[in-house]
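Everything below concerns the one structure shown next.
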Amino acid sequence: MVHDYASEAVHAGCCRYFTKVSHNPVRWDYSEQVYEPLRVTDTGDGVLYEFETELTAVIMAQIKDAEAVGRMQTMTIFCGESREEALDTKHCYYSFQPDPESGKTPRCALRFAFVPGFTSSELSLQAIHQYVDIPVRARFCCDDELVNRIWSVAEWTFRLCSGIFFIDGVKRDKWIWSGDAYQSLFVNRYLMADADISRRTLLALRGNDPMVTHINTIVDYSLFWILGVKEHLDTFADTAFVRFIYPKMCSLMEFCETQLDEHGFLTGRDGDWIFTDWADFDKEGALCAEQMLYLACWKAMADTAAVLNEDSKRFMKRYEELKQKIQEFYWDESKGAFIDSFASGKRHVTRHASIFAILFDIADERQKCAIVKHVLNNPDIPAITTPYFKFYELDALCMMGYRKEVLHQMKEYWGGMLKQGAVTFWEAYDPEESEETQYDMYGDRFGKSLCHAWSASPVYILSKYFAGFQVTDPENGTYQWKPYREAFGYLDAVLPAGEKNIHLHWDADTEAAEVLE
């Protein structure tokens, strides 16, 4: 049982990681794996250690030369996701003086470690990778080696960001952001199909009633939480959990209804963050992309209520009313797109609202075709530069039947990061950036996260649209398999369906799916 000293105790639930009275839920015992450096380089003013990939690790330093023991007290280890970051002792995110007794540092994200004032003959380092052991149930192999690499790196990226909760990135912020977590639910469906981490993340994000601020202080992240609960329900048919959390879905929507303008559009309050993406929106008045998400939430509420045998009519009424207003105020027939905002009179168009209109079935078929022509395939509309919204754009294009084009974009975009030396996928990627500035973000020399959960979406795109695999009944492990054979000469994959793992294979002569024992 658990309580916050202000309300009655409720059932805390159960977890396979805590099975004894002696287990303290404040302390998480990580699994560990020791990594030796892949490469050790003396730089003249110190020694640089490179590991084979990015890790979340404790560094353990051991003095090899007895004459160097006295300098252990002044040793500083600089850790970096990139070589440049580790060597930049002024700007790198993490630096530690190891414990003089154990030689260990705190846990952090790193691929490189630099120790000034020592040589490789005096000092050795090991990285003790610490992680939550959530089994990966999927695999993917085709005759396109670049696609195989993209899957592999996306998988490792996601595994690093999947621990006690779905976090955004392992260097920065190591935080549960609702928008990042929402996309993680889709990748989890196809990679690990682990319901526990999904529950833990959704519970931690929502917190307790009454709501006094938006989740992560971001209006759209409150909305993504509602949609995330619906995605969890669709993935796991977990009605017991959703019934438990359903009152908090209702109270969140009630909270949002206190923040509507005269037209019934969601605007938030002074100080609330309207994010959507790192892009130049016309944010005067109510932003269209926010209304798309708000509308999708009313539909999610109606669908969830129906599953739980609750009243869904009131939610559908709000859905129909808002959908009509969105069409009236935001659709621009001459532009073949939804505009950002009507308040300024600028009629500005970005990709985001129109993408949501496809994904959440807000646009009709004629509008969807116009959006593909005038927005998604229009080079004059500013391109999306974050893997975060690239996920939604590729999803929308796949839904519209443009899988060949999506595969090309995936290989160009995620393959572009691989060409830059990525071993995990980044928070943002712009191929036009120079090598000198590619790690910059937020005005910080190494502010960009080089291992970000929202960039693991190729796992979802490849599984759903190219392997062509969708679970229709998670309780019984029922699925549909409609492979897109034009993409590859052969495919050999395993994907989860409920408690079952399904082996999928095709080549020039065969096509088969079987349940693995």
Side-chain angles (χ1 to χ4, degrees), residues 178-180 182-183 185-187 218-221 223-224 226-228 230-231 265-266 274-283 286-297 299-300 322-323 326-327 329-333 335-342 347-410 412-414 428-430 454-455 457-458 460-461 464-465:
S178 187
D180 306 58
Y182 177 64
Q183 292 194 6
L185 297 172
F186 288 86
V187 178
I218 302 175
V219 176
D220 29 304
Y221 279 23
L223 305 178
F224 277 126
I226 294 286
L227 299 176
K230 178 60 168 55
E231 172 61 18
F265 294 133
L266 180 62
I274 304 291
F275 172 57
T276 305
D277 190 22
W278 298 115
D280 293 326
F281 299 106
D282 175 9
K283 289 187 176 181
L287 184 68
C288 183
E290 298 289 301
Q291 312 319 310
M292 299 292 191
L293 292 175
Y294 189 40
L295 180 65
C297 285
K299 183 64 164 60
L322 182 58
K323 185 175 182 180
I326 288 173
Q327 290 283 356
F329 282 87
Y330 292 100
W331 175 252
D332 189 311
E333 188 67 35
K335 294 178 181 291
F338 288 93
I339 59 173
D340 285 348
S341 173
F342 59 87
R347 315 297 288 178
H348 186 254
V349 174
T350 51
R351 295 172 182 264
H352 303 68
S354 293
I355 288 171
F356 281 156
I358 292 175
L359 292 179
F360 297 119
D361 204 28
I362 298 166
D364 61 30
E365 292 306 312
R366 182 185 62 82
Q367 289 173 326
K368 289 177 183 178
C369 292
I371 287 168
V372 171
K373 178 180 178 181
H374 297 290
V375 180
L376 300 187
N377 290 336
N378 184 355
D380 293 331
I381 304 296
I384 289 166
T385 59
T386 63
Y388 174 56
F389 227 90
K390 203 70 176 174
F391 164 78
Y392 296 121
E393 183 175 44
L394 298 188
D395 198 2
L397 284 168
C398 283
M399 289 178 67
M400 295 300 294
Y402 290 85
R403 285 183 283 190
K404 181 180 179 180
E405 292 78 2
V406 164
L407 185 61
H408 174 74
Q409 284 196 41
M410 184 183 299
E412 287 288 312
Y413 191 80
W414 278 267
Y429 170 64
D430 184 347
W454 73 27
S455 62
S457 57
Y460 165 76
I461 297 292
K464 181 176 180 179
Y465 294 111

_If I take atom CD1 from residue Ile326 and atom CG from residue Leu295, how far apart are they, to the nearest 0.5 angstrom?_
4.5 Å

_Minimal non-hydrogen separation, Trp331 against Gly336, with atom names_ = CH2-C, 3.4 Å

*Please confirm whether the backbone N or O of Ala286 pairs with a side-chain atom of Gln291, one donor and one acceptor, at under 3.5 Å?*
no

*SG/Cys297 to CE/Met292 distance, rounded to the nearest 0.5 angstrom?*
13.5 Å

*Where do Arg351 and Pro382 come nearest, in terms of heavy atoms and distance?*
NE-O, 3.0 Å

*Taking the side chain as every heavy atom from C-beta outward, state whether Val349 and Asn378 have any pair of such atoms under 4.5 Å apart.*
no

_For residues 357-368, which residue pairs pass the side-chain hydrogen bond (donor to acceptor under 3.5 Å, both in side chains) check, not counting sequence neighbours?_
Gln327-Gln367, Glu333-Arg366, Asp361-Lys368, Glu365-Lys368

_Any donor-acceptor N/O pair, Ser354 side chain to Phe338 backbone, under 3.5 Å_ = yes

*Go through Arg347 and Asp282 one step at a time and tell me if the side-chain contact (heavy atoms from CB on, under 4.5 Å) criterion holds.*
CA-CA 9 Å; Arg347 315 297 288 178; Asp282 175 9; over 6 Å; no

_Using every non-hydrogen atom in the two residues, find where Thr350 and Val375 come nearest and quote the distance to one decimal._
O-CG1, 4.2 Å

*If we only count heavy atoms from C-beta on, is the Ile355 to Ile384 side-chain gap below 4.5 Å?*
yes

_Does the plane of the ring in Tyr413 sit parallel, tilted or perpendicular to the ring in Tyr429? Use 30° and 60° as the thresholds._
perpendicular

*Give, for atom CD1 of Ile274 and atom NZ of Lys283, the distance between the pair rounded to the nearest 0.5 Å.*
7.0 Å

For residues 401-410, tabulate all N or O donor-acceptor pairs below 3.5 Å that involve a side-chain atom, not counting sequence neighbours.
residue	atom	partner	partner atom	Å
Arg403	NH1	Tyr465	O	2.9
Gln409	OE1	Lys390	NZ	3.1

*asked:* Any non-hydrogen side-chain atom of Ser178 less than 4.5 Å from a side-chain atom of Ile218?
replied: no

*NE2 on His374 to CG on Asp380, rounded to 0.5 Å*: 12.0 Å

*Taking all non-hydrogen atoms of both residues into account, name the closest pair between Cys369 and Met400 and its distance.*
N-CE, 4.2 Å

*Nearest 0.5 Å please: distance from the CH2 atom of Trp278 over to the CG atom of Asp430.*
15.0 Å

_Contacts of Tyr330 that satisfy ring pair (Phe, Tyr, Trp, His ring centres under 6.0 Å) - sequence neighbours left out_ = Phe265, Phe342

*Of Leu287, Thr276, Val219, Leu227, which meets side chain to side chain contact (heavy atoms under 4.5 Å, CB included) against Leu293?*
Leu227

*Which heavy atom of Ile358 sits nearest a heavy atom of Met399, and at what distance?*
O-CE, 3.8 Å

*Can you tell me how far the CZ atom of Phe224 sits from the CD atom of Gln183, to the nearest 0.5 Å?*
7.0 Å

*asked:* If the test is ring-ring contact (aromatic ring centres under 6.0 Å, His included), which one of Phe356, Phe275, Trp454, Phe281 qualifies with Phe389?
replied: Phe356

*Measure across Asp340 and Asp280 and return the closest heavy-atom pair with its distance rounded to 0.1 Å.*
OD2-O, 4.4 Å

